[in-house]
Every structure is written in C-alpha cells, then in structure tokens.
Amino acid sequence: MTIEFENPKPVEQARFLLQTVADNMMRPVSREMDENEHAIPFGYVEFMNTAMKAMGSGSAGSLAPSEGKNSDDPTRAKRPSIAYQLLANQLEMLAWGDVGMYLITPGGGLGAAAVQAAGSPEQREKFLARFNGEKPTFAAMCMTEPQAGSDTSAIRTRAVLDENTREWVITGEKIFVTAGDKSFNDHPEFGKGFIVVWASIDPSAGRAGMRSFVIEAGTPGVKVTKLESKMGIRVSDTASISLDGARVPFENILGSPTVERTTTGFKGAMATFDATRPLVAATGVGVARAALEEVKKMLADQGVTIHYGLPRQKLSSIEKDVIEMEVMVKSAWLMVMKAVWMADNKQPNALESSMSKVKSGDIVTKVTQKAVEILGPLGYDREFLLEKWFRDAKITDIYEGTGQINRLVVARQILGYSGSELR
Amino acid sequence: MTIEFENPKPVEQARFLLQTVADNMMRPVSREMDENEHAIPFGYVEFMNTAMKAMGSGSAGSLAPSEGKNSDDPTRAKRPSIAYQLLANQLEMLAWGDVGMYLITPGGGLGAAAVQAAGSPEQREKFLARFNGEKPTFAAMCMTEPQAGSDTSAIRTRAVLDENTREWVITGEKIFVTAGDKSFNDHPEFGKGFIVVWASIDPSAGRAGMRSFVIEAGTPGVKVTKLESKMGIRVSDTASISLDGARVPFENILGSPTVERTTTGFKGAMATFDATRPLVAATGVGVARAALEEVKKMLADQGVTIHYGLPRQKLSSIEKDVIEMEVMVKSAWLMVMKAVWMADNKQPNALESSMSKVKSGDIVTKVTQKAVEILGPLGYDREFLLEKWFRDAKITDIYEGTGQINRLVVARQILGYSGSELR
Amino acid sequence: MYGFTPTEEQKMLIDAVARFSKSDLRTAAHAAEEHKNLAQRLVNKGWELGLLQASTPDIYGGFGERSSVTGVLAAEELGFGDLAGAIAIMTPGLFVLPILLAGNEQQKTNYIPQVIEGSWRPFTSALIEPSFDFDPNALKTTAKKVDNGFVLNGVKTYVPFANQAEAMVVYAALDGVTKGFIVSKNITGMEVSDRIKLMSLNALPMYRVTFKDVKVPETSLLEGDFEPVLAGMRVTNAALAVGVARAAFEYACGYAKERDAFGVKIAQKQAIAFMLAEMGVEIESTRLLTWEAAWKLDMAKEDAAHDAYLATTSASDMVMSVTDRAVQILGGHGYIRDHPVEMWMRNGRGFATFTGLAIV
Amino acid sequence: MYGFTPTEEQKMLIDAVARFSKSDLRTAAHAAEEHKNLAQRLVNKGWELGLLQASTPDIYGGFGERSSVTGVLAAEELGFGDLAGAIAIMTPGLFVLPILLAGNEQQKTNYIPQVIEGSWRPFTSALIEPSFDFDPNALKTTAKKVDNGFVLNGVKTYVPFANQAEAMVVYAALDGVTKGFIVSKNITGMEVSDRIKLMSLNALPMYRVTFKDVKVPETSLLEGDFEPVLAGMRVTNAALAVGVARAAFEYACGYAKERDAFGVKIAQKQAIAFMLAEMGVEIESTRLLTWEAAWKLDMAKEDAAHDAYLATTSASDMVMSVTDRAVQILGGHGYIRDHPVEMWMRNGRGFATFTGLAIV
C-alpha cells in the first residue's frame, strides 16, 4: 500500500473517451434539452447504448457498481479492482458534460444497481440481461413517497402476497422516480425496462419489513401519473408513479420473502447508499468543474488572468474566489476518490462515502453560485451554460440523502452513535 | 412613530465622553492589562466610579437597565425612554475601548441588574445604594455551575431555610463569575460588594424552585476558589466560588420564598436575558468596530485605499473583505439598536434581543478573525491590539447564552415553539 | 431619534401594497413565470396602488414627495409577492424618478405628467451592459458631445419593456461620467433585440438594446448627478431582495412546520430550526441596512450612497443564502417548480446583477 | 494508481512520531505555552525520532531520501501534539532542506552533516518579513551583488531560535528573485531583537532579525530555485494545520460526548453533531489536498507548487474554522486556558502567516 494520486491507464482512457462524448454529444444539445423540458435526446441515448458496449461495459455494470463481475474476473484477482474508481471518473466526466443527460444514460441506473446489490444470481440474469440488448433500456428506483423522503421508515406502499396466485399485490404512491417514464412507459425506441419499488411486506415490522420488487414496464395497475417540472436537470424525467393493486410475480421480490425481526434487508438498501453516494458526489464534482473551467475560460477571454501563489492580500476578489473554487473542486474530488478507492479495496466506507456526498453537495452549490455571480449579467443569461449548471447543481445536495441526512450519517460514524442516539 | 436612524443628543454626548475615556483611560493600558492577567486597572476603575456619577448615572443604572428609574422620572413621561439605547451606546463605546475593562466597570453589573429586575423596592434600596458611594463597588451574578452551563435547569446549588435562625443555608459550586473576586473579596480600594447566587429552594419543583440570593461580600462559608486564566478579556476576573453552608438572611432572597408550581421566577431570570442580551451584543459590536477601524487605519498607513461602490468583480480581495466587515458591523449594530429601542418602547423583544446576540457573536468573531488575517504577520503580533481583540471577541458568542442557545431561542420565537417542542 | 415603526400613513400604503402583493402578484407568479407572460391587468392594478404617483409632487401630476423609506417598505412587499411583477409595476419609475432627481424643470414638466397621470405605460431605462464586470460608474456606452446634442454608442441589456417603450432613460459615459439621456422610441440607430432569456424573470419582457451613432438633442441630457439615482436603485434592489428572501423564509417555515420526518415536524430538528433562525437574522439585518440607507437618502446624508452600496452588497449575499436554504429545507420538493422556492432561488442569484431594474 | 494508505515503513515512522507527540509534546504543551518555555529535553527527544535524518541522503550524514509524503504525515502528527514543539523540533530542517533542495554540492557537504549528525542544534532560517502583505516571492529584504559576494539589507521576523542560531538561511530578493543565503552567527550588521511576542507559539523563541549591509561571500548563495523550497514549506504548513485541527476536533468530540445538557450529551444535539461532522469533512478534505500536493512534489510534477499553494490556502481557512468551532462546542470551558482548545484556536489563526516556519 502507498499514498499516490495517479489514474491508472484504463481510467485515463475512459476519461478521454467520455470527454469526447461530453464535448460532442452532450454540450451541443445541453441548452436545447434544458429549454424543452420533456424532450428526449435520442442521439445521446442511442450513442451511449452503443458506446458502452464498445467500452466493454454495456450493462448495468457501466453505470452501476458491479463488484460481482470484477471478483468473478480471474485476470483481476491479483490486483485490487478499480471498478468504482473507473465508474466515478466516468460519471464525473459525463456530469461535466451534462448531469441531466448523464441521468438518462441507458443501462439501468439505480434500478439495475438494486438488482445487482440485492438480487439472487437468477434474478440478476433475468432482469439485467436486457441492458445488453440493441435498444437502449432503462430501469428506475422507486423509494420516495409524498410523505416519506429522507425518512424511509415512513414508506406506506404495501405489498401483500396473494396466496392463491402467488403474486405480490402492491399499492402505493411513489414520487421523484428518476427515469421513471423511460423505464416504465412504452417508447418504441427503447427496450422494455422495469422499476424497482420499495414496499413493506409487514408494516408492523418497521424497517425489517421493507423489500424491493422488480416491476416490469407496462404492468397493469401501475401508472406514471406525472412528470415533474424541475429547477434543473430538466432533461431527466422525474416521475410520479401510482400503484393500485399491481400484481407482481412472487419471484420478483429482491431478498427474503419472509420477515425476520432484524433490519438486515433495510441495511442492505442503506449499504447501497454507501456505494452510490460517492458516485452522486462524483457527478456533483463534474458539474462544479464544468462551472469552474467555464469561468476561467470566460475570464481569460476577457483578459483576466488568475495569479496563483500570491498572499491573499495581493489577490483580486475574483482571483480569491476562483482559487477557493479550485480548492473546493479539487478537495471534493479527492474525497470521492478516497471513498471509491476504499470500496474497490473492500474497506468499509460508510463515513467516507457520506463525507464525499456532504462535501460535493456543498461545493457544487457554492461553486456554481459563485460562477454565476462572477460573470455578472452574463452569468445569469441563458445564452451561456453557467446559469443552467447553477440550477442543475442544487439537486446534488438533495438527492441520495440531503446534505443534512449525510451530515447525520457522518456525525454518527464519527461519534459512534446509533440512529437512536443521534436523531 | 416613524423610521429613523439618528442618535438623540444625550446619546451623542455620551458617546463623545466615553470615546475620550476609551482613548485615554482604556486603550493606553489595554496591552499591559492583557499581559498581566490578574492585575487591576485601578486608574480606570476609580475614574469610572467618579465619571459615572458626573454623568448622572453612578449606580447600577448606568451599566444595567433601569426601567424603574425612568418611568419614575416625571420629565420623561411624555417621550419614550431612551435608557436602553443610551446604555447600549455607552457599552459599545467602552467595549470599543477595551471590552475586558468594560466588564470591570464599577456599578454592579449583572448582579445589580438582577436586584433591579427581581428585587423589591426595599431590597433595591438596601443593596443598590452602595453603588453611589465614594469607593468603586462591584456586584456579580453567579449562575453557571461546573455541570450546568446553558442548561440552567441543571443547577445543583441548594438553599435550605433554617427555620430556627430564619437564614438560608446555601451550598454549591459556581463558576464563570464575572468580577467575582472584586465583588466578594476584600480590596481596600473598593467598597463592599455582593454576589447574587442562583440556587434551588425546592429541587423537586425544577425551574419553579429556582431563586436568586444576595450574598454580601465576605460572608463566611463562601470562598473564591479560583480565578480563571482565559483566552481573552484577561483583565476581567472570572471566578469560581464555592458555597459551603453559607448563611444568608431570610430577606436576601429575590422573589417569593415559597414555590408555586409555575416557572414565573425562572422566567424572570430569562426576561433578564432579554434585557441584557442586546447589551452584550452591543459590546461585541464595539470590539468588531475597533478591529475594523484599526484595519482600515493600518491599511491606510500602508497606502491601501478601500474603494467603495465598485462591482465585486473590480474589488481587491482586501476591499471585499473590508466591505463585508463593514456590512457586518453596521447591520449588527442596527439589530442591537432595534432590540434596545423596543425595550425602551416597552415592546416585547425576546426575538430581536436574541437575534442581536446571534448576530453580534457571529460578526465579532468573523471580523476579528479576518482583521488578524488581513494584517498578516502584523495582525498576529502582540505589538498591535488586533490579536487581542481576536481573543476578546470570542467570548461574545459564548456568554449570556451561546450562539447555539440564542439560535434556539430565535427559532422558537419564529416557529412559535415551546422549549419542549424544539429542544 | 431612532425609530423602527412606519408612520400611520406609510402603514396604510404598505398594507395596501401587501394585500395586492399577496393576493394578486403571488397567486399569478407561477403561471407568469412558466408561460413567460405577465397579465397586463395585474400590472395595471399594481400601478393603481399609486406608489410612483405618491413619490411625485403634484406640479408634475403626482400627489406627494419621494420618500425612499416609504419606497423600500413598498418594494419589500412587492418583492415578497413576485419579483417579476414588482419590477414590471415599477418600470415607469425607472423613467420618472431619474428625471425627478437629475432632470431640469423643463424635462420634469415635459415628461413626468404624461407618465404619471394615466394608466401604466411602458417607460423604462437602460443601464446594465452585457459585460461580466459591468460597473454603472464606468459605462462602456458612450455619449459624445456634438453640435446641438450628443451621439450615443453602446449596448445595453436587461432593459424591461424596451420593445414597446415610448421613451427611456439611457445611461452613458459623458467624458467618463455617467449621465442619463432621455431617448424616445423609434430613434434612428437604436435597435431592440429579441426578448432575452435569463435564469428567472421569465414573466418580464427584457431586451438588449444597441445604440449605433444615435443622435439625441441637448435637451435630452439629465444634468444632475447620477449618484443619488444609483443609490436609489441600490436600496430598491436591496429591498426587493429582502422581499424575495422573506417570501422564501416564510414558505420554508410553513413547510417545515407541516412536514413530518422521523416522527416529528422537520422544524423541530435543530438542523432545520437553526437554518431558519439564521435566515431570520440575516433577513432582518439586511432590512435594517436598507432602511437606514433609505433614510439617509431622504435626509440627504453625505454617506447615503455609501450605505446604499453596503445594503445592496449585503442583500445580494443574503438573498442567495436564504433562498438556497429554503430550497434545501424543502428537499426534493424544493427542487420542483410546483413550489415557488426554486424560483425564488433563481431570483436570488440575480440580485448581484439586478441593480438598475427598479428604483423607488 | 490511487492509494490512501501509507507504506509499512511510513506507518512505523508515523506511529513512533504519533506516540511521542501524544505522550510527550501534548502533555508538555500547556505549561510550555504558559511559561513561554519549551524543555530542550523534549526537543532533543523529538529530534531523535530522526525525521530530518531520514530525509537526508547518507552521503550527508542521514539515512534516507526526502519524501514530502512521509514528511506531511509526520508533520500532521507533530502538529497534533503541539505546534510550538513541532516547529522547534523541525527548525534545523529549515536550514538543511533548502540547502539540500537548492544548494550546490559543496554547500551540502559543508553544512548538512554538522547539523544532521549530532544532537539538535539551533540552525534556522529567516523568511517572513514584518509587512501585512508579506509575499515570499516579492521580498523587501534585498541581496545586492558586489565584489566577492552579496550585501543583504532588510528586516525579517518570526525567526525561530535566531538568538542562538549557529547559522541560518536568509531569503532575499536578488534582482527581484527570491534566493537563499547561508549566514553564520555573529556576522557584522546582523542584529537580533528581543524575543517577539505573538498571539500563540509562546513556547517557541522567535525573533526579529535586521540585516544592515551584511556582507556575505559568494559561496553563501543557494543557486537553486526557491519554488520547491516554498512549496515544501507550504505543504508542511498545511500538514501542521491539519494536525492542530484534528487535535481540536478530537478534543471537541470527546468533550461533546461527555458533557450533559438538557438531559442528553451535547453531541446528541444536531447543532453540535453537525458542526462536528463538518469539521471532520473539512479536515479530511484539506488532508487529502496536502497529501496530493506532497505526492506531486515527490514526483516532481509540474503543478506541484500550484497544488501546495492550494493546500495551504485551504488549510488556513479550515484550521481557523475548525478550531473556532471546537472552542464554541466547549462553550465557556473552551474559553479558559485549562482546556487546550483556545490555544489551538490561537494557533489556528496563525497558519495564514506561518508558512516559512517549517519544511519537510
């Protein structure tokens, strides 16, 4: 083991490749997609579906962690995996391109990640194969409910087993489902996706009774009732999904169908957060870096040079701001890298994972806010992308656990407190 | 009623006078007093004892709110009192001079304020007359205990009535008693002072059982056990006081000797905070203003001009900092003025009072920290006073309710929550 | 003396503004922003509150004297309702008040009554320029003295209602000093762009205006100092920011007291409660800075312009922070446009740039 | 590859430093600060850890190659124990490492072994100058080329052990470029002031040193670039700041978990817990910046100096904020000198100025 800070070749190659994607497939349509909220950038989606296969990832593995795959791969047995590091870099670069478009990259996203993390080998095979198909295919995670946000224990969606048909009958309301429309509704351009729905199979058991269910696109009783109009990441469809007695095959439950009075199942979901938080953080860093680079470029175009190395007393206000932004972006990225490196090295990273999310949510907000301010009348104008990134950025500190929830997680880890000791 | 922002003449005169005091009696000895932690600046103390009488205040009224006095004064009947405004201005100016020295201004301080607020007319006469004597005289408030800081309900000091002698027998440990030594111990230069001790007469009654007692200097069973070494305000003696069966005359209890199951008595103490918090806030503003003015002066001496009116993009980092410091000092002062103006106008000001304390604690910390930073190697050097003000400043956000406690109070007021609804 | 209570007269006016702002502006705000269209009916109704008229002496068709204090009280209320609506209603003031402050008698008589006496009509002004370090005291738009007048050259942006404006005050550097010029519509060399698109204020039609060798007569020059005009714009900007911040703050308070999580209302969590407390403190501190600066303007104090600058500096940071935290408190709900806080956050960032869009 | 774990060798060294720092430096820190006196025994013991020796090749009397990464790991641990003690122990490095980095072979052979091979002896350097905008790349102390040498003029301050230093590296602007000069004690024209008094570091003897027409021979010039020296100072400053911040953070965590208020431990209050969480995040983020910069220095990456600057910039703000919050968490107890946090807060503010007091 050693302390070092250099990307291995595959990571550099992936960054180079995705930089090209960002430059050519994302940035040129960013503004148009933002202005036409519910339009779909088919060009990007189809390109990525092909490109990811060319990159040897192709399925959920590309944009969701796939530890299984790596540990199965004998060639990788001897050196530590870099799968998460690779992924974080890919996501950072895509988000640098357009974080909204990144969110609708085909491959299954969080839905596939859930199957990957909590499904049996049979389930993985059954549900994940589709992401290797010709058509771009989506899957979505349905967790949040109108009255249950950060407090997932308040989830009201119920799954009841119909003993006669051996089907789960699921009823409830889900909101904030990323890619919910593309995953569930019929789009001729896309393959058949699914949604993963969190529901209780035994409300009296609290969190121990929580399970997730794979629900195939088009299942009767399930309906996308609304696509949200959002501040930013407008190209990403955020759906409300209503389930009214939706019938789901018994074997679509992820995890055990019986309830033990432990919260293992739920902790599984929380462990997914440990894996996904640094990845979300990576996307925040991508947006922040985009804004920082654009500010420097626009300032340079105006003849403004940033002098580094000076005492603060000799800096201009803009120089001080830009240097602080650079510190923020750089340190947030290092925190992401540490968290994913730990994941790759099978080290528990609940603390570092949440820390990276706290940091990223914080800095992407500050950096984009400062970027718009520095550019004055130009920063605020939709002629440039800075104002869009300001809007896109804010979601980083909200989804996958708000900054507040992640501070709680960090504090509990630091203090050695349980959830009941520090509420 | 109208909106206006001009000091009436008496306030301007008081400011002018105290500016002279600050310039001539405080600043010249500030450094020396800071370096010799437990020395007493007799010159200042004696001067102020005389000066305050000349200013027509002389007693507790000068440095503690004295609503009674004003409403008794028939000439003031027609226009609203400006007593609190005057006081806030006096304190701000003294703190501008040296906030540690301000804290040992004779006149009774918080101890006298407690008698003023909670005592009967007889008690006021009996205990407060001494502050008009020839010798500088001190009184102190003893509330905090080793295990009871912000949480005053945890006070363990007990007062038990000895039915035979009709004396209260008081036992407990008090810490952080400002001017505890000067108030209780024998100093030939000073008059005989007292301490006001908070104790429970009925622990089963919780806060309803809390009372304060006037304990004359030198009372047997009471001992100053320690003078704290502090980060700043070193000229102000901060004492630990131990009470071991101290016997106090029955009539020295402030408030009712019987316990009703309400928290009226305790709320009285809390109401004192409404009165004193903006005054503490005023002292914070004084320190902050001192630092800001010194920074501007030292920069001007180095040929650095602060340009106002420019867009942030054209400011230097120092200009931006100084302008922000100015915004902070100015707005904190306005919040103090509003809180004391409300007090003068008999408007409930619990919200504004705590807001001003939050703001002042916040800004004096930031301003003095920035001041030291801006002056670089000079800011950190004990050759100048900036580093001292940095140390003096921090107490503002701690005493009379920490920034956190005051945020709680503000939030409860804003949200309409009780203490049990928002803990 | 100090005082923190409006006069009875001010109270009556402000109450009327507050009622309109809450019941009319606020309720229309969401649709106006989404459909990029503000109902003229609403603007007219706001105009009829008579704020500008009350700031204009009767010899010019109004019924009062300008009071910046009254103005900032009103601006806060309007901003609390809806920023785009507030600016639209106040736009004719951008034309009238600079003339009142810096114009000569003839200019006042010629121009002010026609604006003041009728219903709301598009008179505006052009100050902001499309450069990152736009500085109202160092304009890139120039005025050159020529025979019988001046020639204007330059580009302005963020000009409300420029496309339909009957006249506007255009600011330009005359020998390096900012001066206002009255420019009527359809003047040769002036070109109005398509409507510009900003991060917010979609309800408000704003334009870029280019001046290419635009010849204006000598009588178009406002000879008076620009400083009090700019100071007036700055306190107005600050007051509008306080209004927007208060809107977000109150909304977040209400939400936090309703929203359950982990068995309590989220407002009962210190993390949320402390944010709200700090938001409250910051709003109040900027409000008081704004009031004092306005009062100093009214009293013609020497440091009034200085204080106006401090107030708007404070306001820009405060409103960004407060509106950001309001979104944060609402979490995912804060991010969707069904709730108004995300719009206030978009408004919020703009105040660093909005000085010049309104004046009281 | 990325990696975040020290090598086995580094771990052993760091563990030894950490043990010393905790058991020796920390326990002595309070008395040393209060009595303005650091026990020489302690400094010697720290010296015997061999940090500088391990950074010095064996041809100059040491037993290793300089590694900035190892250096910052050690510096964090020393700073965690006590900043004044840390700087005292590291002071000879201020003399040795610049010679190693920028000196010629003869200078290395002449000077380094005598420092390295014995017990701790006062060799130091003089970089900081008493001006508010002190800039190591634009020194006011000048070196002028004359026959057979240079003439130094200027004033230095914050020079550790200047009164007893057997030799020091003095930095001066030679044709506007910062260069180091080796200056021996008792040289004509050099005057050492009385001990200076700062806000903290009272245990550390520091002095102002005036150079008036001080003539030094040609051989005293360190011809190499100052940039890597400065970068080394900057990462060290950052690492020491991380150490101090971590000390305050851990102390505050411990206190918050012990202290009761309102029926719970104060750490169970979100207001306190969130502060601790943020402190933890900020410490870690600066630590990683510091590590990366140090690694880049070791790898001689082009942007190493740039990153070192960012690390120390981050550190200065971070350590101020963390130590301030540690005091705040302790409340009144944080303000009294019985607890170490107030000293750490005083240390904390100094890092904006301390670059130049240590190098690894």
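Throughout, protein chains are lettered first and strands after them, A, B, ... in sequence-line order, and every chain is numbered starting at 1.
Heavy atoms closer than 4.5 Å to chain D are found nowhere in Leu351(A), neither backbone nor side chain. Only the side chain of Leu73(D) comes within less than 4.5 Å of a heavy atom of chain A; its backbone N, CA, C and O stay farther away. Only the side chain of Leu315(A) comes within less than 4.5 Å of a heavy atom of chain D; its backbone N, CA, C and O stay farther away. Contact annotation for Lys338(A): both backbone and side-chain heavy atoms come within less than 4.5 Å of a heavy atom of chain D. In this structure, the portions of Val281(D) lying under 4.5 Å from any heavy atom of chain A include both its backbone and its side chain. The contact between Ile414(A) and chain D is made entirely by side chain atoms (from C-beta outward), counting heavy-atom distances below 4.5 Å. Looking at Arg287(D), there are no atoms closer than 4.5 Å to chain A (heavy atoms on both sides), in backbone or side chain. Contacts between Val327(A) and chain D at a heavy-atom distance below 4.5 Å involve backbone atoms as well as side-chain atoms. Heavy-atom distances place no part of Glu9(D) under 4.5 Å from chain A, backbone and side chain included.
Rounded to the nearest 0.5 angstrom, Asn137(D) CG and His307(A) NE2 are separated by 12.5 Å. We find the CZ-CG distance between Phe5(A) and Leu289(D) to be 9.0 Å, quoted to the nearest 0.5 Å. Put simply, CG on Asp135(D) and NZ on Lys314(A) are 3.5 Å apart, with the number rounded to the nearest 0.5 Å. For the atom pair OG1 (Thr313(D)) and OH (Tyr308(A)), the distance works out to 10.5 Å, reported to the nearest 0.5 Å.
Not a single donor-acceptor pair under 3.5 Å links the side chain of Gln313(A) to the backbone N or O of Phe134(D).
For the pair Glu326(A) and His306(D), the minimum side-chain heavy-atom distance is below 4.5 Å.
Looking only at heavy-atom pairs under 4.5 Å with chain A, the residue among Gln10(D), Gln268(D), Arg234(D) that has the most is Gln268(D). Annotation: maximal heavy-atom pairing with chain D below 4.5 Å, among Met328(A), Met342(A), Glu352(A), Gln404(A), occurs at Gln404(A). Heavy-atom pairs under 4.5 Å with chain A peak, among Glu284(D), Met299(D), Lys296(D), at Glu284(D). Between chain D and the residues Met337(A), Gln85(A), Arg412(A), the most heavy-atom pairs under 4.5 angstrom are made by Met337(A). The most heavy-atom pairs under 4.5 Å with chain D, out of Ala411(A), Pro311(A), Ser356(A), come from Pro311(A). Chain A forms the most heavy-atom pairs under 4.5 Å with one residue out of Pro6(D), Ser314(D), Cys253(D), and that residue is Pro6(D). Between chain D and the options Asp362(A), Asp344(A), Val410(A), Leu310(A), heavy-atom pairs under 4.5 Å are most frequent for Leu310(A). Chosen from Lys11(D), Glu8(D), Gln270(D), Lys269(D), the residue pairing most often with chain A at heavy-atom distances under 4.5 Å is Gln270(D).
Summarising the geometry of Leu415(A) relative to Ala273(D), their closest heavy-atom pair is CD1-CB, 4.3 Å, with the distance given to 0.1 Å. Minimum heavy-atom separation, Ile3(A) to Phe4(D): CG1-C, 4.0 Å.
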Evaluate side-chain contact (heavy atoms from CB on, under 4.5 Å) for Thr5(D) paired with Thr2(A), printing each intermediate quantity in order.
-> CA-CA 5 Å; Thr5(D) 319; Thr2(A) 174; over 6 Å; no

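Figure legend: cation-pi geometry between Lys257(D) and Tyr417(A), with NZ or CZ positioned under 6.0 Å from the six-membered ring centre and within 45° of its axis.
Here Glu421(A) does not pair with Lys265(D) in a salt bridge; the nearest charged N to carboxylate O distance is not below 4.0 Å. Between Glu6(A) and Lys301(D), at least one side-chain N (NZ, or NE/NH1/NH2) sits under 4.0 Å from a carboxylate O, which counts as a salt bridge. Lys359(A) has a carboxylate O that lies under 4.0 Å from a charged side-chain N of Glu282(D), or vice versa, which qualifies the two as a salt bridge. Salt bridge present: Asp317(D) and Arg312(A) bring a charged side-chain N and a carboxylate O closer than 4.0 Å.
Aromatic pair Trp341(A)/Tyr2(D): centroids not less than 6.0 angstrom apart.
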